[in-house]
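Structure first, commentary second.
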Amino acid sequence: MSTPDDSAPALMVEAVDVHKSFGLVEVLKGITLSLRRGEVVCLLGPSGSGKSTFLRCINHLERMTSGRILVDGQLIGYHERGGGLYEMSGRELAMQRRDIGMVFQRFNLFAHHNVLANIAQAPMLNRGQSRQQALDRANALLKMVDLEGRGEAYPYQLSGGQQQRVAIARALAMDPKLMLFDEPTSALDPELVGEVLSVMRRLAAEGMTMLVVTHELGFARDVADRVVFMDQGVVVEEGPARDVLDHPRQERTQAFLRRMR
């Protein structure tokens, strides 16, 4: 009988048989997927395959129809009692979301706040940081995303790539255990994509656990530990990034990658 490998990285995300329907339309049809601590996993697939919906279920922005999702061993969005699941209060859910950073396709910055305020607000409200602590951390994060000195600027004064880097800094300001990226470069002009991917590469190199919905195949090949290909609400294929991208086994994956190249 085998013994547990204590050296194996702990699971950061464990999704088990996740279903999600919108009315009569079943978008997720039983997703089972795990993500180890420190791992980078890229989700690929055509539009409408359920990638973004799955990502939003992980931090309970969307309620699952059935199944369960655990982050760092904690059931997300629900309490389990007597074999049933009961949804958490808004306050309890907010406490869970502190540990899960999310970056969306659109930057969602507060237009009436400058960059520093955009980054510092959540740690003051949700982590109890003092204003000075939050501002010091915000300035350090701006340096990390190559925007040092832009703290007084407002979103309208920044390019799309700069705004997305501020959005990444804002998510990191909460010191999350997990970062979720929902096609973070899809709204950017092509010449601005590289500056955002550069920041994401740096995060991966520093050991951040990341689940990334993307169509950037070069990024997935170079940075991801694993690639998961989804279509029509199911996982079609998954494995080491270069294996899936260079030698896909499933015909559906092959067809998708041919169109992407």
Side-chain angles (χ1 to χ4, degrees), residues 2-16 18 31-45 51-52 54-61 68-77 95-104 122-123 127 137 140-141 143-146 164-165 167-185 194-230 235 237-246:
S2 63
T3 58
D5 181 3
D6 292 335
S7 66
L11 292 181
M12 179 60 74
V13 177
E14 186 176 10
V16 182
V18 174
I31 301 296
T32 294
L33 183 68
S34 62
L35 181 65
R36 296 185 300 274
R37 188 185 304 277
E39 191 176 26
V40 178
V41 172
C42 285
L43 296 180
L44 305 181
K51 308 180 303 296
S52 294
F54 176 61
L55 217 65
R56 292 171 65 87
C57 285
I58 291 176
N59 62 3
H60 206 62
L61 288 175
R68 61 186 59 217
I69 297 175
L70 292 89
V71 173
D72 202 19
Q74 186 177 22
L75 187 64
I76 293 296
M95 292 285 286
Q96 284 193 327
R97 285 182 178 146
R98 297 189 312 178
D99 294 326
I100 305 172
M102 188 160 185
V103 177
F104 300 87
R127 290 285 192 194
R137 175 68 168 149
L141 287 167
K143 183 175 181 180
M144 191 273 283
V145 299
D146 297 323
Q164 192 64 294
R165 283 183 281 155
I168 293 173
R170 180 176 62 181
L172 292 173
M174 292 293 288
D175 293 319
K177 299 175 181 178
L178 168 69
M179 284 288 289
L180 307 175
F181 292 88
D182 187 7
E183 298 194 46
T185 60
E195 60 190 47
V196 174
L197 294 181
S198 177
V199 171
M200 294 172 64
R201 289 174 191 270
R202 196 176 312 158
L203 286 177
E206 292 173 355
M208 175 61 74
T209 309
M210 297 164 56
L211 186 57
V212 185
V213 173
T214 185
H215 288 103
E216 300 291 339
L217 299 186
F219 173 84
R221 178 181 286 104
D222 294 343
V223 178
D225 298 291
R226 285 188 294 132
V227 159
V228 175
F229 176 71
M230 291 178 59
V235 173
E237 184 167 355
E238 67 175 296
R242 290 175 182 262
D243 288 355
V244 173
L245 293 172
D246 296 338

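Residue numbers run from 1 in the order of the sequence given. In this text, all values refer to a predicted model and were calculated from it rather than measured experimentally. Side-chain atoms are counted along with the backbone in the values below, which use heavy atoms only and exclude waters and symmetry mates.
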TODO: To the nearest 0.5 angstrom, please state how far the CD atom of Glu238 sits from the CG atom of Leu33.
DONE: 5.5 Å
TODO: Might you point out which heavy atoms bring Val13 and Ile58 nearest each other, and give the distance in Å?
DONE: CG1-CD1, 4.4 Å
Task: Any Glu39 side-chain heavy atom under 4.5 Å of Leu211 side chain - done: no
- [ ] Taking the side chain as every heavy atom from C-beta outward, state whether Val213 and Phe54 have any pair of such atoms under 4.5 Å apart.
- [x] no
- [ ] Compare every heavy atom of Val103 with every heavy atom of Pro184, then report the nearest pair and how far apart it is.
- [x] CB-CG1, 4.3 Å
Open item on the list: Could you report the tightest heavy-atom contact between Arg221 and Asp246, atom names first, then the distance?
Closed with: NH2-OD1, 2.9 Å
TODO: List for me each residue that meets salt bridge (charged side-chain N to carboxylate O under 4.0 Å, His left out) alongside Asp225, sequence neighbours excluded, and say none if there are none.
DONE: none
Open item on the list: Tell me the closest heavy-atom pair linking Phe181 and Met210, and the distance in Å.
Closed with: CE1-CE, 3.6 Å
- [ ] Can you sort out the partners of Arg137 under side chain to side chain contact (heavy atoms under 4.5 Å, CB included), two or more places apart, ordered by chain and number?
- [x] Leu141, Asp175
Open item on the list: With a 3.5 Å distance limit and no angle check, can you tell me whether Arg97 reaches the backbone of His60 through a side-chain donor-acceptor pair?
Closed with: yes
Task: Sidechain-backbone polar pair: Glu14 side chain, Leu35 backbone, donor-acceptor under 3.5 Å - done: no
Task: Value rounded to 0.5 Å, distance of CZ in Arg201 from CG in Leu197 - done: 6.0 Å
Open item on the list: Contact between Arg56 and Phe104 at the side-chain level, heavy atoms closer than 4.5 Å - yes or no?
Closed with: yes
- [ ] Enter the distance from Leu43:CG to Glu183:CD here, rounded to the nearest 0.5 Å.
- [x] 10.0 Å
Task: Note, Met230 side chain near Leu44 side chain (heavy atom, < 4.5 Å) - done: no
- [ ] For Gln96 and Leu75, indicate whether the former's side chain and the latter's backbone hold a donor-acceptor pair under 3.5 Å.
- [x] yes
TODO: Kindly write out the residues that satisfy salt bridge (charged side-chain N to carboxylate O under 4.0 Å, His left out) with Arg127, not counting sequence neighbours, or none if the list is empty.
DONE: Asp99
Open item on the list: I'd like to know if Asp182 and Lys51 make a salt bridge, using a cut-off of under 4.0 Å between side-chain N and carboxylate O.
Closed with: no
Open item on the list: One pair to check against side-chain contact (heavy atoms from CB on, under 4.5 Å): Arg37 and Asp72. What are the steps and the verdict?
Closed with: CA-CA 8 Å; Arg37 188 185 304 277; Asp72 202 19; 2.7 Å; yes
- [ ] Nearest 0.5 Å please: distance from the CD atom of Glu195 over to the CE atom of Met200.
- [x] 13.0 Å
Open item on the list: As an exercise, state the distance from CG of Asp222 to SG of Cys42, rounded to the nearest 0.5 Å.
Closed with: 10.0 Å
Open item on the list: Please determine whether a side-chain nitrogen of the Lys or Arg among Arg226 and Asp243 lies less than 4.0 Å from a carboxylate oxygen of the Asp or Glu.
Closed with: no
Open item on the list: Within the 4.5 Å heavy-atom criterion, are Arg98 and Pro176 side-chain neighbours or not?
Closed with: no
Open item on the list: Do Asp146 and Arg202 make a side-chain contact, defined as non-hydrogen atoms from C-beta onward lying under 4.5 Å apart?
Closed with: yes
Open item on the list: Go through it in stages, so that I can follow the logic: the residues are Val71 and Lys177, the test is side-chain contact (heavy atoms from CB on, under 4.5 Å), and I'd like the CA-CA distance, side-chain angles, deciding distance and then a yes or no.
Closed with: CA-CA 9 Å; Val71 173; Lys177 299 175 181 178; 5.7 Å; no
Open item on the list: Restricting to non-hydrogen atoms, name the atom on Thr209 and the atom on Arg36 that form the minimum distance, rounded to 0.1 Å.
Closed with: CG2-O, 3.6 Å
Task: Heavy-atom check, side chain of Leu180 versus side chain of Val212, under 4.5 Å - done: no
Task: Considering all heavy atoms, the nearest Gly45-Phe229 contact - done: CA-CE1, 3.6 Å
TODO: State, yes or no, whether a side-chain contact exists between Ile76 and Asn59 at a heavy-atom distance under 4.5 Å.
DONE: no
